[in-house]
There are 2 protein chains.
Amino acid sequence: MSDDNTVKTTMVTCTAPVNIAVIKYWGKRNEELILPINSSLSVTLHQDQLKTTTTVATSRSFEEDRIWLNGKEEDITHPRLQSCLREIRRLARKRRNKTNPDLDVAGLSHKVHICSINNFPTAAGLASSAAGFACLVYTLARVFGVEGELSVIARQGSGSACRSMYGGFVQWILGQRDDGKDSLAQQVEPESHWPELRILVLVVSADRKPIGSTSGMQTSVKTSLLLKLRAECVVSKRMEDMIEAVCQKDFSTFAGLTMKDSNQFHATCLDTYPPIFYLNSVSQQIINVVHKYNEHYGETRVAYTFDAGPNAVIFTLEQHVPEFVQVIKHVFPSESNGGKFIKGLQVDDTILSEELKQCIGLEPMLNKISYIISTKVGPGPRVVEDHSEHLLGSDGMPKKTQ
Amino acid sequence: MSDDNTVKTTMVTCTAPVNIAVIKYWGKRNEELILPINSSLSVTLHQDQLKTTTTVATSRSFEEDRIWLNGKEEDITHPRLQSCLREIRRLARKRRNKTNPDLDVAGLSHKVHICSINNFPTAAGLASSAAGFACLVYTLARVFGVEGELSVIARQGSGSACRSMYGGFVQWILGQRDDGKDSLAQQVEPESHWPELRILVLVVSADRKPIGSTSGMQTSVKTSLLLKLRAECVVSKRMEDMIEAVCQKDFSTFAGLTMKDSNQFHATCLDTYPPIFYLNSVSQQIINVVHKYNEHYGETRVAYTFDAGPNAVIFTLEQHVPEFVQVIKHVFPSESNGGKFIKGLQVDDTILSEELKQCIGLEPMLNKISYIISTKVGPGPRVVEDHSEHLLGSDGMPKKTQ
């Protein structure tokens, strides 16, 4: 390409976090707008361990919208991608008309190239769509100069993505409106609020891919009477109690509600017809270990939560991490039980008392947990200032290094 | 013992059936009287395959009430045994006072010896307390000449025992009264009503004994919001629909409700805190097989139900038994897969089509089902007329042959 023909390419790269719900979202009242049947609340995980990075480029020279996910070009016509692109462009147009009709932040008629990668393996079975759509919407908004409430747009990509638009503790408010404008995410407390809180993702070796959450929740809404009763009679009180527990940093209440809500979500899956099982025998054993550990100390020191798969997410306080990790290693010995078994934040070694081992008293299950990701509460999406981090080259194509 | 000292011993032997609930009982509103939080409905299994036999003897010479269960003397002071003995003696006294003050059907002041055996191994994990208490109450009533509504007494021994007081299809009505007098069993249809209906008990090899139903349901009542909502909002409509399906011999509706109610019961166990798991990976696989089998034919030909353990009880119609049993043998190959694998009613051999095998398409699980008991709907408790069948000798002690 000669200098004469140089076309300006606008390029922005951002990162966004994974979030894990402690009051679960399961079931839509509107499939297209992705409006939930109940409010939910999540904890944003730290991006040092788990994040999506997305680069969006726009240029007059691009002939069509294109997207590459984890190194592979994907179909841009996917309805949920189209929803996000359409909504961002609509807001950008509105903004331009209002403020400066001549402003062309990044030519609205221009096509975009999108490139996105996760820093964690898809095989880990961690829901990547929340971080992915949050990152997409956040990055597109920067490119097109859109500000304001972006969580309603992220929500239309993937429901739980709206919660990844903020750091710390985030609620997704149910909302009342049919157009979904009031079904949005709000930060309850920032990531700095509860520095002692620690999170362990126990990646369970899955035999087969479980049923996807989109079709799973559709079947649940259609068939589970208990899901309907949960949404109507249980969740709103639980949201209040959970927000109070988070604000007070009351770990025992936070942990109890987290476990109860995870169990109730999986109960509604079992009440679905035909029933859906996301918890396998390893998940059940993790649940047993947590309850036995808490019983041993006569207080709730550790909590589990499970999404639409067998992996456990564990919440505990910093001072209990080394011992509980040792308990997990004891019950789930792994052949890779060396440096590689724990990824992320360092976990100190410790020795379990015989008393504790006896109290746990469960048959060891070999190689059933692949590894543990040790992390903590983290911030929301960020712009990456270092241009060398762009995932697209100046030609608008993915860099070769990926 | 010389002829001069011979003391008259009254002796009665009866048998009673096992029942399996298709609308589940889980949770008491009154622990002592055993009053449930919702109505339930069961199918009485045939005693040719599964029954309890009980002999009760009474004699002036007996010094105390005693009981032997499956060859071992047990503690007669168990509160639930005492409830049944007390209630039968109270009714007998009432009856004597009303009808013939001098009548002493079997001396009311006399002590009883009770001997009871099951014709199925306890290790099979089949709830034997329902058949046991039904048989005890039925036999005691014969000995003491008590007639009338006995299910309210059996209920006080073990809740579900009240349903084993009748053959065929039986409902246990919730009742409204605080004294429990209207919480009783009623036959919905006799055993002759639906001769095509067949029942297969899939005895799953359990690793460990699950939590007992008495303490399990206590914890559920205390902690599961979904159990409360189920009892208040779901069961009464389901009872109506189930009774209608039974009366109409509408297998598809009967089967669908049976599976949904089993799943909902286990969902409330999972919603219990700490959660209770009765379904293991084998149970989950049986559930998968049933749904895949039904999907293959585009109609509901087979239904599962699970109580407080991993064993499955399968309902189907006679014509589908050979093929479905073959499907089970295919998915759960057993090293004892010969004559011994199927107990009870004969099941003809058949060959599975490749198409069906492919449609099922599940990884075989070796030796995970110990055996199958093939049975059908059966009658209620019976008196055994043949005196040689008494389990107690003329001395009132268990016969040596046991």
Side-chain angles (χ1 to χ4, degrees), chain A residues 207-208 210-211 220 223-235 237-238 255-295 300 303-304 306 310 361-363 365, chain B residues 207-208 210-211 220 223-235 237-238 255-295 300 303-304 306 310 361-363 365:
Chain A
D207 301 338
R208 46 185 174 149
I211 187 167
S220 293
T223 64
S224 171
L225 292 169
L226 297 186
L227 178 62
K228 188 171 140 65
L229 292 168
R230 160 180 162 74
E232 286 170 3
C233 310
V234 179
V235 177
K237 174 71 166 64
R238 262 193 196 167
L257 287 170
T258 294
M259 292 188 275
K260 285 174 189 166
D261 209 68
S262 174
N263 294 336
Q264 189 167 88
F265 153 53
H266 291 281
T268 65
C269 291
L270 186 43
D271 187 52
T272 297
Y273 188 79
I276 303 169
F277 297 98
Y278 288 123
L279 303 177
N280 66 17
S281 57
V282 181
S283 320
Q284 290 184 11
Q285 193 76 325
I286 293 168
I287 289 172
N288 288 335
V289 170
V290 169
H291 286 292
K292 278 171 181 277
Y293 185 79
N294 289 337
E295 271 164 33
T300 309
Y304 53 77
F306 295 83
L362 295 166
E363 200 69 21
M365 297 174 86
Chain B
D207 301 336
R208 48 188 172 145
I211 187 168
S220 292
T223 64
S224 172
L225 292 169
L226 296 185
L227 178 62
K228 188 172 141 67
L229 293 168
R230 158 180 163 75
E232 286 170 4
C233 311
V234 179
V235 178
K237 173 71 165 62
R238 260 191 198 168
L257 287 171
T258 294
M259 292 188 276
K260 283 174 191 168
D261 209 68
S262 174
N263 294 337
Q264 188 167 90
F265 154 52
H266 292 281
T268 65
C269 290
L270 186 43
D271 187 51
T272 298
Y273 187 79
I276 303 169
F277 297 99
Y278 288 124
L279 304 177
N280 66 19
S281 57
V282 181
S283 320
Q284 290 184 10
Q285 192 76 324
I286 293 168
I287 289 171
N288 288 334
V289 169
V290 168
H291 286 292
K292 279 171 180 277
Y293 185 79
N294 289 337
E295 270 164 34
T300 308
Y304 54 79
F306 296 82
L362 295 167
E363 199 68 22
M365 296 174 86

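Here is how names work: the chains are called A, B, and so on, in the same order as the sequence lines, proteins then strands, and each is numbered from 1.
We find the CG-CZ distance between A/Asn263 and B/Phe277 to be 6.5 Å, quoted to the nearest 0.5 Å. Atoms NE2 and CG, on A/His266 and B/Asp271 in that order, are 12.0 Å from each other to the nearest 0.5 Å.
Proximity to chain B involves both the backbone and the side chain of A/Leu229, based on heavy atoms less than 4.5 angstrom apart. Within the 4.5 angstrom heavy-atom criterion, only side-chain atoms of B/His291, from C-beta onward, approach chain A. Looking at B/Leu226, both its backbone and its side chain come within 4.5 Å of chain A, counting heavy atoms on both sides.
Between chain B and the residues A/Met259, A/Glu295, A/Arg230, A/Gln264, the most heavy-atom pairs under 4.5 angstrom are made by A/Gln264. The candidate with the highest count of non-hydrogen atom pairs below 4.5 Å against chain A, out of B/Thr223, B/Thr268, B/Asp261, B/Leu279, is B/Leu279. When the candidates A/Asn294, A/Val290, A/Ile287 are compared by the number of heavy-atom contacts under 4.5 Å with chain B, A/Ile287 comes out ahead. Counting heavy-atom pairs closer than 4.5 Å to chain A, the top residue among B/Ala267, B/Ser262, B/Gly256 is B/Ala267.
Under the 4.5 Å side-chain criterion, counting only non-hydrogen atoms from C-beta, B/Leu225 is not in contact with A/Lys237.
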